[in-house]
Amino acid sequence: MANTKEIKERMKSVRDTQKITNAMYLIASMKMRKAKQDLDNTRPYMDAVASEIKRILRTQDHIDSKYFYPDENEPPLSGTYAMLVITADKGLAGAYNQNILKKAEETLKNHPDFKLFVVGEYGRQYFTRRHIPIEKNFLYTAQNPSIERAREINLELQRVYDSGEVEKIYVLYTNMKNGMVMEPVVYRLLPFHRSNFVSPTVEKKIKQPFEFVPSVEEAINGLVPSYMTGYIYSALVDSFCSEQNARMTAMSSANDNANEVLAQLGKEYNEIRQSVITQEITEVTSGAKALRRNRKEREA
């Protein structure tokens, strides 16, 4: 059984660890609030771009654009796909990284002909260890996403799409529905379908003609990269917020576990201390009785 000194040293170690987990919880909370605020600040622009694409589609029955499926159907595309996988740079975030990488493996298993693009050191190391080739490593950190980084990622993805190297582009990220629910999402970024912007059962067609210079296709092709950049940025921020929320949950659980360990150690410490005190009292009492007995014997 451990003595009181060993238990006190272990309690000190647990408290020191608890200080670290508390600090990590507060830092993650601050980062998540800042990222949400940045996304809210840029959302009006992304909504405006989507609104303009929607307006164009409502005025045109047919648009011949490489970024859209044909209007009449959505034919299967069996060529090479591109997939952007967004992970964290480090662990200590519960099952956040494991869930996104499990989803990536399932997607690759269903369609192995993929060009892989990775954001986040955790994902880069994971695929490297398993000898899964990575087409492009975006070597900047997954922390503090910015619209500039999203634009750089989009330029690379659009390059392989425009050159015909890939038929589709997917984005795999973690969507934080609320503070309790986070789920990995596979979203087809390109090509678009008209239903991505206009619902035929709800939207009314605009009958007022518009004039597009030089053409409606050029107008659409100019707006699509901005929309893609906005979506990639929102995926980066959503993943970053999910990571911080997962880390907050993990650190909160660690704090709760530390409190339970401290309570158990405190109980053990008190039991040992009480046992030592009881033993000392017993020894003193026994010694006193022996002295009284010896004195009576001498007097007799």
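Hydrogens, waters and symmetry mates play no part in the numbers below; they use all other heavy atoms, side chains included. Along the sequence shown, residues are numbered consecutively beginning with 1.
- No salt bridge links Glu9 with Lys12; every basic N to acidic carboxylate O contact stays at or beyond 4.0 Å.
- Distance alone, capped at 3.5 Å, places no donor-acceptor pair between the Asp238 side chain and the Ser234 backbone.
- A continuous path of hydrophobic side-chain contacts links Tyr81 to Ile132 [ILVMFWY only; heavy atoms under 4.5 Å].
- You'll find the side chain of Leu84 stays beyond 4.5 Å of the side chain of Ile169, heavy atoms only.
- A salt bridge does not link Glu106 to Lys109: none of the charged nitrogens lies less than 4.0 Å from a carboxylate oxygen.
- Taking a 6.0 Å sphere around CZ of Arg151, one finds it holds more than 12 heavy atoms contributed by other residues, nucleotides or ligands.
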inquiry  = Checking Phe114 against Val166 for the side chain to side chain contact (heavy atoms under 4.5 Å, CB included) test, could you report, in this order, the C-alpha distance in whole Å, the side-chain angles of both residues, the deciding distance, and whether it holds?
reply    = CA-CA 8 Å; Phe114 263 99; Val166 300; over 6 Å; no
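- Hydrophobic clustering (side-chain heavy atoms under 4.5 Å, transitive across Ile, Leu, Val, Met, Phe, Trp, Tyr) keeps Leu155 apart from Val160.
- At least one side-chain heavy atom of Glu165 sits less than 4.5 Å from a side-chain heavy atom of Arg159.
- Judged by distance alone, with hydrogens and angles left aside, the side-chain atoms of Arg188 form a donor-acceptor pair with the main-chain N or O of Pro191 at under 3.5 Å.
- A salt bridge is defined here as a Lys NZ or Arg NE, NH1 or NH2 lying under 4.0 Å from an Asp or Glu carboxylate O, and Arg247 with Glu243 meets this definition.
- Note on Ile27 and Tyr122: separate hydrophobic clusters, where clusters join Ile, Leu, Val, Met, Phe, Trp and Tyr whose side-chain heavy atoms are under 4.5 Å apart, directly or indirectly.
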Next item on the list: Take Lys168 and Leu190 through the side chain to side chain contact (heavy atoms under 4.5 Å, CB included) test and state the conclusion after the steps.
Entry: CA-CA 5 Å; Lys168 292 182 181 182; Leu190 280 180; over 6 Å; no
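- Shortest non-hydrogen contact noted between Asp89 and Gly120 is OD1-CA, 3.5 Å.
- Side-chain contact between Val119 and Thr87: absent, with no pair of heavy atoms (C-beta onward) separated by less than 4.5 Å.
- Judged by distance alone, with hydrogens and angles left aside, the side-chain atoms of Tyr170 form no donor-acceptor pair with the main-chain N or O of Val85 at under 3.5 Å.
- Nearest heavy atoms, Asn175 versus Val185: CB-CG2, 3.5 Å.
- Across all their heavy atoms, Gly123 and Leu101 have their closest contact at CA-CD2, 4.2 Å.
- For Glu183 and Lys103, the salt-bridge test fails: no basic side-chain N is under 4.0 Å from an acidic carboxylate O.
- One N or O on the side chain of Ser242 and one on the backbone of Thr174 form a donor-acceptor pair closer than 3.5 Å.
- Gln158 is not listed as a side-chain neighbour of Val224, based on a closest heavy-atom distance of 4.5 Å or more.
- Between the side chain of Ser29 and the main chain of Tyr25, no donor-acceptor pair closer than 3.5 Å is present.
- A donor-acceptor pair shorter than 3.5 Å cannot be found between the side chains of Gln264 and Glu260.
- A cation-pi arrangement, defined by a distance under 6.0 Å to the six-membered ring centre and an angle within 45 degrees of its axis, is present between Arg130 and Tyr126.
- For the pair Leu189 and Ile232, the minimum side-chain heavy-atom distance is below 4.5 Å.
- Side-chain atoms of Thr21 come within 3.5 Å of backbone N or O of Gln18 as a donor-acceptor pair.
- Using a 4.5 Å heavy-atom threshold, the side chains of Leu26 and Asn22 count as separate.
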Evaluate side chain to side chain contact (heavy atoms under 4.5 Å, CB included) for Lys115 paired with Thr80, printing each intermediate quantity in order. CA-CA 7 Å; Lys115 287 183 180 292; Thr80 303; 3.9 Å; yes
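- Using the six-membered ring where Trp is involved, Tyr231 and Tyr187 have ring planes that are parallel, under 30° apart on the 30 and 60° scheme.
- In this structure a side-chain-to-backbone donor-acceptor pair under 3.5 Å is missing from Asn245 to Cys241.
- Grouping the Ile, Leu, Val, Met, Phe, Trp and Tyr side chains by contacts below 4.5 angstrom, directly or via other members, places Tyr96 apart from Leu172.
- At least one side-chain heavy atom of Leu157 sits less than 4.5 Å from a side-chain heavy atom of Phe117.
- In this structure the side chain of Phe127 never reaches within 4.5 angstrom of the side chain of Pro133, judged on heavy atoms.
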